[in-house]
Amino acid sequence: MELTPLQKARYEYNPKLPGMLRHGISEICVKEGAQTSSAADQEKIQALFPNTYGKKEITFEKGSNTSTPKKQVVGVILSGGQAPGGHNVVCGLYDALKATDKENVLYGFKGGPSGLLEDDYIIFDDAYIDQYRNTGGFDIIGSGRTKLETQEQFAVAAEVCKKHGITAIVIIGGDDSNTNAAVLAEYFAAQGTGVQVIGCPKTIDGDLKNEDIEASFGFDTATKTYSELIGNIERDANSAKKYWHFIKVMGRSASHVALECALETQPNICLISEEVSAKKMSLSQIADQIADSVSARAEKGMNFGVAIIPEGVVEFVPEFSALIAEINELLAGSKADAFNALSSWKEKYAFIEKGLSSEAMAVFAILPETIQQQLFLERDPHGNVQVSLIESEKLFSALVKDKLEQRKAAGTYHGKFNALHHFFGYEGRCAFPSNFDADYCYSLGYNAFMLIQYGYNGYLSKVSNLSKPAEEWVAGGMPITKMMNMERRHGEDKPVIKKALVELDGKPFQYFEAHRAQWAVETSYIYPGAIQYYGPASVCDITTRTLALEKGE
Ligand code: FBP
């Protein structure tokens, strides 16, 4: 494969470790902190995790390495959606493992957690690892969304570990995967297998964070990639002055990605799903809010603009969720056959009209026909509406168009409205990691090995103080159970890591809220440009506005 100059240069980039991990393996000692308890529901979580609950938080320091030497055979798994930097977690893990003892072995289970269950793996060596240093993607071993959660699966995992003499498993994943990592760690401990489990916080969505985990990896690069594209579109809009761009950005449910992109680019509109939910906003209210910006800008002769729409927003609109629930009910089981037997959309529409409540029908009726059809035609294997497939950027632009037509008829709007639509998601998940993500991920992997070497089980690799230069980062570990609470999932109470949604009283949202009225009417765009890999640290190494604001910087 021919390499571009950037690819070659990235292979040679030396990721920066936190200061305390820079002195060599023999100079890393551990400092134990206080015992921990879970975020909520302490008694229930403790009862479910008798062997791994309440362990101490730890940090690494410069000092004599006191871990007990032991040959380590580690298995690593990439779980869920791709996030930039995943390869560097594996590289950091590999480098620490080999620096400790050349005889140590790293297995990579292929295609996500299913690779462990199917015993499908590769064994890493220098030549293989070197091809993936500082690169984007998860193609080093592939990823997958199989959940490791049943006792049967754990028993298979234990067998596979026994067969290869595996001493530890590192799971690189989001909140669900790390929840499952904690359950697997407890199982291994209860069975006396001696196999340790360490998690690493991954997801571009940015929703795996809490008082211990400042950021999940991949969020920095993905949001910088989308912000570059949004900035380019803003500049195009401001040049041509004839289009409104509706841009949907990924983030399955939380709006961290949308909010960060808004902070970086200052668009005219950015919806925040958590606010929509808190204020119980209707589709019509949201459309009015956008139409107000379109009208105000048109008054000033600016018939162009940019609106960011978070991927998951429609699920946060209460009336829309109620509609989805009714549709799922309307087509449950064999009732779907009667619907599918109808040949024309007109007949299907009549069936729908008869089956939905008048409130749900009122919401359904204002949707553009393409979205109405999407709700009924593209359903998952259980027959449920696939909300994630709804083209919400098109939905909102159509609703805004209707509003503007009404305003035109009433003589209160005289502008022009031409909308274009975009969806930025997959474009950012496998980008070359920014220096921040390259450094952070390498540190997470390296640190994960130190946790293994010191015998910890059921811990998340933790690197903090991330808004400061890497030298000042703090490396350590946190028991995963500390991040857990009980939640109702699929009709059952389950211990899970709490998903972090955008906090409306948090500083990033408050900054946005304080400025958005101005952004809605004026052209206050910022053009962040492409991620820079080489140059001054003030240009290349800084992380997100979200983290800076959260840290009060
Ligand atoms: P993870 O939570 O697994 O990190 O994935 C996040 C995400 O990228 C979401 O932003 C998006 O909604 C989803 O994955 C898409 O999943 P898929 O790749 O399976 O289509």
Side-chain angles (χ1 to χ4, degrees), residues 77-89 111-115 136-139 141-149 171-181 199-210 213 215-227 229-230 247-261 271-274 308-316 378-381 384-393 422-431 433 437 440-441 444 460 483 487 489 496-502 544 546:
I77 298 169
L78 289 160
S79 180
Q82 284 69 251
H87 287 166
N88 267 23
V89 181
S114 62
F138 277 8
D139 45 320
I141 43 174
S143 185
R145 290 199 182 276
T146 302
K147 290 189 191 308
L148 271 186
E149 55 187 353
I171 296 180
I172 302 170
D175 54 337
D176 277 349
S177 305
N178 278 297
T179 292
N180 294 337
C200 286
K202 170 236 72 165
T203 176
I204 63 155
D205 289 5
D207 55 8
L208 172 48
K209 66 174 172 181
N210 46 50
I213 302 302
S216 56
F217 79 75
F219 179 69
D220 180 79
T221 311
T223 53
K224 283 189 166 83
T225 305
Y226 305 144
S227 297
L229 298 174
I230 294 167
I247 306 172
K248 179 168 77 173
V249 291
M250 250 187 193
R252 190 191 303 276
S253 52
S255 301
H256 298 290
V257 172
L259 179 56
E260 172 63 21
C261 292
L271 302 180
I272 300 296
S273 308
E274 292 81 347
I308 299 180
I309 316 288
E311 184 183 9
V313 66
V314 287
E315 283 183 78
F316 286 74
E378 294 176 27
R379 293 158 61 242
D380 73 11
N384 293 328
V385 174
Q386 298 201 67
V387 182
S388 63
L389 296 183
I390 294 169
E391 295 173 296
S392 44
E393 69 284 21
H422 315 264
F423 171 36
F424 297 149
Y426 298 97
E427 293 82 348
R429 296 201 311 181
C430 286
D437 271 326
Y440 181 38
C441 289
L444 285 170
L460 200 66
M483 299 162 196
E487 283 178 27
R489 297 267 173 103
V496 293
I497 297 177
K498 202 165 186 287
K499 201 182 258 312
L501 297 179
V502 169
T544 57
T546 301

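Worth saying up front: this structure is predicted, and the values here are computed from it rather than measured. We count ligands from 1, going down the list as the structure has it; atoms in each ligand are counted the same way.
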Does K499 NZ have over 12 foreign heavy atoms under 6.0 Å away?
-> yes
Verify whether one side chain among S255 and S273 offers a donor that lies under 3.5 Å from an acceptor in the other.
-> yes
Taking the six-membered ring for Trp, are F423 and Y426 parallel (under 30°), tilted (30 to 60°) or perpendicular (over 60°)?
-> perpendicular
Anything with a heavy atom under 4.0 Å from ligand 1 counts, so go ahead and list those protein residues by chain and number.
-> G80, G81, R145, K202, T203, I204, D205, M250, G251, R252, E311, Y426, R429
Contact check, side chains of D220 and P433, non-hydrogen atoms, under 4.5 Å | no
Which residue pairs pass the salt bridge (Lys or Arg N to Asp or Glu O under 4.0 Å) test when at least one of the two sits in residues 247-258, sequence neighbours left out?
-> K248-E393
May I ask you to decide if the ring planes of H256 and F219 are parallel, tilted or perpendicular, using 30° and 60° as cut-offs?
-> perpendicular
